[in-house]
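To keep things clear, I will list the structure first and then write my remarks on it.
Atom set for the values below is all heavy atoms of this structure, side chains included, hydrogens, waters and symmetry mates excluded.
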Amino acid sequence: MHEHTPPAAGDPSAEGEMQVRAGETPQTASGKGRKTSGRGATRVPGGKGRAASVAGVAAGVLILAGGGALVAGGSLMAGPVSTRTVPPTEAAVPAGASIGVCPGPARLLAGTDAGTDAQFRPESATAATKVSAAVLSAGGVLPGSRLARLDGEGALEISKDPGPAPTAAAPQELLAGVAADRVVDQVSVLTAKAVANQNASAAAAMKYTAKDGDLQGSAAATCAQPSNDQWLAGASTTVGRTSVLALTNASSTPATVSLELFGSGGQIQAPGSRGLLVAPGSTRSVVLAGLAPNEPSLSVHVRSAGGPVAASIQQSVLRGLTPGGVDFISPGTAPAVRQVMTGVDIQDPAGIAALTAQAAYKDAGPALELTVPGAADAVVEIKLYGRDGQHALPSGGVITAKAGSTTEVSLAGVPAGQYTVAASSDVSFVAAARMGRGLQAGQPSDVAWAPSAVRLGSQHVVPVPKGGQRQLVFGALDTRANITYAPITADGKVRAAATADIAGGTTATIGIPEQADGVDVVGYVVSASGDAAYGAVLVGQDGRNDVSSLAFLAAAAGQETVPVALGY
């Protein structure tokens with residue numbers, strides 16, 4: 001989320017309806033190299049008379065002979081070998097601005113150039129997309145921060161630039177700058193400057209809701225930190241499923257993006273997945289069905305050269321003419337030997353079994369998706385932790401995930417409730433968990449994906465969308481964890497913190513009130529100690545089958561450092 005150059009203004013391609021971009025011709029940039037030349041000459045001083053000439057020639061012969069010996073020696077003798085290993089050192093670099101990129105509103109696809117039309121029904125007349133953001137103070141001073149459209153227009157100043165760095169005598173009261181429920185119509189960007197060479201603690205979240213149309217439901221996403229390497233799991237391109245990858249470049253440097261696609265049958269070599277140019281201040285959308293058609297489980301590895309990008313996937317389901325939900329798939333953690341998803345909401349197992357027995361609803365149940373990018377299969381142990389402890393999977397909890405492909409593991413049969421899902425292996429893998437709401441066939445339902453989460457540390461900023469059902473969900477794995485959570489209210493105050501003491505191997509769910517001390521709650525400051533703990537925000541709508549999951553961002557680091565290796 002740390003960008004050392006401010007975002008440049010540009011014309012975002014995310015405005016209006018999404019355009020079909022699958023299989024585009026890669027765009028490349030070329031430049032001219034720099035040529036260097038030089039001249040050199042060797043002069044042999046002459047002597048006087050014939051004796052001097054003979055002596056000069058003899059000396060030249062000796063010099064040439066000696067030079068030949070030196071050349072031969074240089075080509076035959078081994079060069080010096082370093083016997084000393086110098087460990088890399090950490091060099092401090094100036095802290096940059098914190099950047100959070102929020103996806104734009106969910107949209108139906110526009111017709112393709114061939115004249116086909118992917119729209120079955122008009123767009124929702126009730127759709128609304130809003131963004132909430134919070135920025136914390138450092139040393140009692142709020143960093144300069146703002147929320148704006150990707151093109152820089154319509155900026156909302158959250159807090160003014162404080163000017164010179166605060167002194168040691170500055171007050172230490174924790175303050176917050178907030179933007180609550182701001183209506184947006186395209187990609188938006190939260191920017192917070194560093195204070196006293198420390199990265200700002202800032203985060204934002206967007207929430208889309210609609211009560212009609214093909215894209216009805218709720219879709220929420222934490223505004224992503226731009227990165228040059230990220231993984232997204234949970235896409236599907238089978239009939240009735242639409243996956244649109246959005247790549248946003250909020251920097252002033254062009255980005256060249258390459259995609260690696262992993263499906264249930266292995267890695268997919270797709271023309272048009274490499275060398276995608278994303279201009280500064282723009283969003284490029286890619287319809288994944290054009291690269292990997294008819295894939296029930298698809299993971300995407302996004303790598304960019306040049307500017308970092310923020311990636312998200314708009315995933316929607318249409319079961320015949322019945323809306324099956326919409327969601328924004330966010331990047332999870334990098335491949336690792338343990339992945340944890342929390343805030344996984346599971347409905348009544350009997351109802352799920354009856355629903356998924358119908359042909360159009362086979363993917364309506366909860367599931368875990370595993371992707372193994374390496375060359376070796378992964379034997380994965382899966383554990384579910386609920387309110388009263390661990391729950392066994394009907395499959396036994398140990399499965400083999402094939403190398404270079406995605407594997408779906410059903411979570412059906414587990415009692416209803418909120419869970420933390422932990423998966424571990426001796427081989428690195430990527431994971432995400434699917435959940436749904438709605439058990440009646442023929443009635444609108446919703447779907448959400450929980451990406452793999454970061455371990456909780458100190459002072460996470462957790463924005464919370466206003467309205468509807470809101471819950472904080474925390475999971476502890478092996479032993480007890482202690483979590484403090486302090487409400488951030490719309491008046492910029494951080495209220496008194498509450499504490500949750502969570503037993504190892506359990507998940508705790510805490511309802512979020514509409515107000516604290518008579519003022520609307522727009523976020524939390526969360527810190528954890530003890531054993532490994534994880535968190536998420538679960539969002540729903542009263543009286544509707546809406547569900548969304550918001551992952552926590554990593555806590556802001558202190559002064560940035562980079563490793564510097566010395567050697568030759």
Side-chain angles (χ1 to χ4, degrees), residues 18 103 105-109 117-127 129 207-221 232-245 264 287-289 292-298 312-330 344-349 351-369 408 410-412 416 432-451 468 538-541 543-549:
M18 289 185 175
R107 301 185 190 279
L108 292 171
L109 294 177
D117 190 352
Q119 296 184 163
F120 296 98
R121 293 170 59 186
E123 287 199 32
S124 168
T126 60
T129 304
K207 179 183 176 183
Y208 162 91
T209 58
K211 296 180 181 179
D212 63 341
D214 287 350
L215 299 181
Q216 65 178 283
S218 291
L232 301 98
S236 177
T237 60
T238 56
V239 176
R241 283 72 178 161
T242 303
S243 296
V244 182
L245 172 67
S264 55
V287 179
L288 293 178
N294 203 33
E295 279 292 338
S297 302
L298 182 66
S312 64
I313 296 175
Q314 179 189 309
Q315 178 72 44
S316 59
V317 179
L318 197 63
R319 307 183 193 279
L321 296 177
T322 304
V326 60
D327 191 36
F328 287 102
I329 297 175
S330 300
V344 180
D345 185 72
I346 296 180
Q347 301 179 98
D348 173 63
I352 292 174
L355 182 67
T356 55
Q358 304 184 50
Y361 291 84
K362 292 186 181 299
D363 62 349
L368 177 66
E369 184 175 302
E408 183 175 297
S410 174
L411 301 180
R434 183 181 69 218
M435 68 192 87
R437 287 270 179 90
L439 296 174
Q440 298 298 320
Q443 297 296 320
S445 57
D446 203 6
V447 64
W449 283 89
L538 202 58
V539 179
Q541 292 293 116
R544 295 183 55 82
N545 290 325
D546 292 6
V547 63
S548 296
S549 179

Look at the side chain of Thr356 and the backbone N and O of Ala364, then say whether any donor-acceptor pair between them is shorter than 3.5 Å. no

For Ala292, is there any backbone N or O sitting under 3.5 Å from a side-chain donor or acceptor partner on Thr237? yes

Would you find a donor on one side and an acceptor on the other, under 3.5 Å apart, between the side chain of Gln347 and the backbone of Ile352? no

Report the distance from atom CD1 of Ile329 to atom CG of Leu245, rounding to the nearest 0.5 Å. 10.0 Å

Heavy-atom distance under 4.5 Å between the side chains of Leu318 and Thr242, does that happen here? no

For Asn545, check side-chain hydrogen bond (donor to acceptor under 3.5 Å, both in side chains) against everything at least two apart and list the hits. none

I need the Lys362 NZ to Glu408 CD distance, nearest 0.5 Å. 12.0 Å

First locate atom CD of Gln216, then atom CD of Gln541, and finally report the distance between them rounded to the nearest 0.5 Å. 12.0 Å

Do side-chain atoms of Arg319 reach the backbone of Gly442 as a donor and acceptor pair under 3.5 angstrom? no

Mind checking the CZ-OG1 spacing from Arg107 to Thr129? Nearest 0.5 Å is all I need. 7.5 Å

In short, Arg241 meets Ser236 closest at the heavy-atom pair CB-O, 3.5 Å

Hey, is the main chain of Ser316 close enough, under 3.5 Å, to the side chain of Asp327 for a donor-acceptor pair? no

Within-4.5 Å side-chain heavy-atom neighbours: Leu215 and Gln314: yes

Within 6.0 Å of CD in Gln440, more than 12 heavy atoms from elsewhere: no

Could you state the interatomic distance from CZ (Arg437) to CG (Leu439), rounded to the nearest 0.5 Å? 10.5 Å

Please round to the nearest 0.5 Å and tell me the distance separating atom OG of Ser218 and atom NZ of Lys211. 10.0 Å

Can you give me the closest heavy-atom contact between Met435 and Ala450, atom names plus distance? CE-CB, 3.8 Å

Least distance between heavy atoms, Phe328 atom then Ala106 atom: CZ-N, 3.7 Å

For Ser264 versus Glu295, what's the shortest heavy-atom pair and its separation? N-OE1, 3.2 Å

Measure from the side-chain N and O atoms of Ser410 to the backbone N and O of Ala367, and report whether any donor-acceptor pair falls under 3.5 Å. no

